[in-house]
Amino acid sequence: MSEVNIVVGLSGVGKSTVIEEAMLLSDEEYEVINYGDRMVEVAKEEDLVKHRDEMKELEVSTYKRIQRAAAESIVEDSKDQDVLVDTHSAIKSPYGYIPGLPKWTVENLEPSKIIILDASAEEIYSRSTEEAERDREHSSVDGINEYRKVAREMAAAGSVLTGAYLKVIKNREGRAEKAAEELVETLRN
Amino acid sequence: MSEVNIVVGLSGVGKSTVIEEAMLLSDEEYEVINYGDRMVEVAKEEDLVKHRDEMKELEVSTYKRIQRAAAESIVEDSKDQDVLVDTHSAIKSPYGYIPGLPKWTVENLEPSKIIILDASAEEIYSRSTEEAERDREHSSVDGINEYRKVAREMAAAGSVLTGAYLKVIKNREGRAEKAAEELVETLRN
Amino acid sequence: MSEVNIVVGLSGVGKSTVIEEAMLLSDEEYEVINYGDRMVEVAKEEDLVKHRDEMKELEVSTYKRIQRAAAESIVEDSKDQDVLVDTHSAIKSPYGYIPGLPKWTVENLEPSKIIILDASAEEIYSRSTEEAERDREHSSVDGINEYRKVAREMAAAGSVLTGAYLKVIKNREGRAEKAAEELVETLRN
């Protein structure tokens, strides 16, 4: 039987690189699904948006419905093939941390594992070179540490809700391949 | 459509002052409801208690029922007007931290945002000048740090259960007005 | 009416000693139930395993069913007598932290209190003298600190799901009796 695994991590943690590398290293096949992309697709199919930018203009209740529909569509995909969902357990906004895996999403996905890709706040800070990102998400090392904690707390709550294993993998500077190997190993079981 | 927002924070964090200040600064109207007060009102209406002091003598099952009824009565209020609920995500007692926003409460309230007012353990310690409070809740800086962590973890779980945004606002010594401005800004969205 | 209380803690924290000592000190009677043992008993009754070692070979869905059945059997016991469940809120495995009190377990048990027995990472490290355990669970002080945090976050989520009080008791080197006294005091209320 195929399964759903979820990889989360802050922007600047090197998530995309590690996932790509892991997919090259792995003997097994996974459909890698970006949760945000899938939400945009669902919203487009319903003629709610034309472009990704319009997503944030959706009403909260519509947004939550799309979030739920995206989870269902991922579950559909997972019937044929193991799935790796690329997403966030928390998303920083000026109005607070948005839970990326709220109850209805995580309970729908019923993941086997929730895997946190993590790095030190200092590394995340120095990697967030784009000024826009620094302004928006990673304005200080203290702020990043708060963000990391909230993200892990929210992932832990998702684990309790679903029974998913919670794995933390460190992506150390210049050692993305090691993190990728650890990811492959974690997925294998 | 009107909404429910929740403000939580340890005693000594300056929550009342910041909320009052924010209500003066804000262009919008909110009904500020103290959750503990509302519970007492509900219990009085049901002739279960005459005074607030008697609340702690209620049986656990009765207490939980009142907690739930208070949430429902707040939801009722929120139909006419935006509501700001003043409460705690964790309450320290000699027998452990009591969750102030257990599943049934937070799921009933369906908050848009859970806002944590926070301060450093040192500041909270030095503000808890009443001897009784120091004995009861804030006996040491280490103890306050544990309390802060548990309170944030419980708030994060509430956010995952409801999808509420989780915002942390620091109330720094002598800068309550800045915290109040941030609260107004957070509520505005 | 009798009740269920849960004691959790990492291996090396001294949980068994503190519980034993507490049972000697206490005026009240508790049935101490090891959750893992109870799961093995249930699995044996169903002819799923002959020995404890075979538990890890069970399919995930079967494992979860046994986990749930064990909770139900503990609830059955608690009808006649106060129960103290000895378990873990998180179990470290090479594939991630396994939630020891997932939603269905903790909601079934409906505990009055979840009590965390804690010690410093340094103490836990130095107590994990068996080489096997060091390799498997406690390979570094940093690793133990991550484990402690995840375990507390998962316990806090369980508290929000059930309304259980969350108590943290420190078991300091050479002071197990003090921790046992605190445990008795916590259970008394």
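Numbered from 1 within each chain, the chains take letters A, B, ... in sequence-line order.
- Near-neighbour residues of residues 101-119 of chain B relative to chain C, defined by a heavy atom under 4.5 Å from a heavy atom of that chain, comprise B/Leu101, B/Pro102, B/Lys103, B/Trp104.
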Sequence neighbours left out, cut at 3.5 Å: what donor-acceptor pairs do the side chains of residues 17-29 of chain C make with other protein atoms?
from, atom 1, to, atom 2, distance (Å)
C/Ser26, OG, C/Glu28, N, 3.0
C/Ser26, OG, C/Glu28, O, 3.2

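- Shown here for C/Ala164 and B/Pro99, the closest heavy-atom pair between the two residues is O-CD, 3.3 Å.
- Each of B/Val60, B/Ile98, B/Ile91 was evaluated against C/Tyr165; a single residue qualifies, B/Ile98, per the side-chain contact (heavy atoms from CB on, under 4.5 Å) test.
- Put simply, the side chain of C/Lys167 never gets that close to the backbone of B/Ser93: no donor and acceptor are under 3.5 Å apart.
- Under the side chain to side chain donor-acceptor pair (under 3.5 Å) criterion, B/Asn5 pairs with B/Glu3, sequence neighbours left out.
- In this structure, no portion of B/Lys92 lies under 4.5 Å from any heavy atom of chain C.
- Contacts of residues 145-158 of chain B with chain C at a heavy-atom distance below 4.5 Å involve B/Glu146, B/Lys149, B/Val150, B/Glu153, B/Met154, B/Ala157, listed in sequence order.
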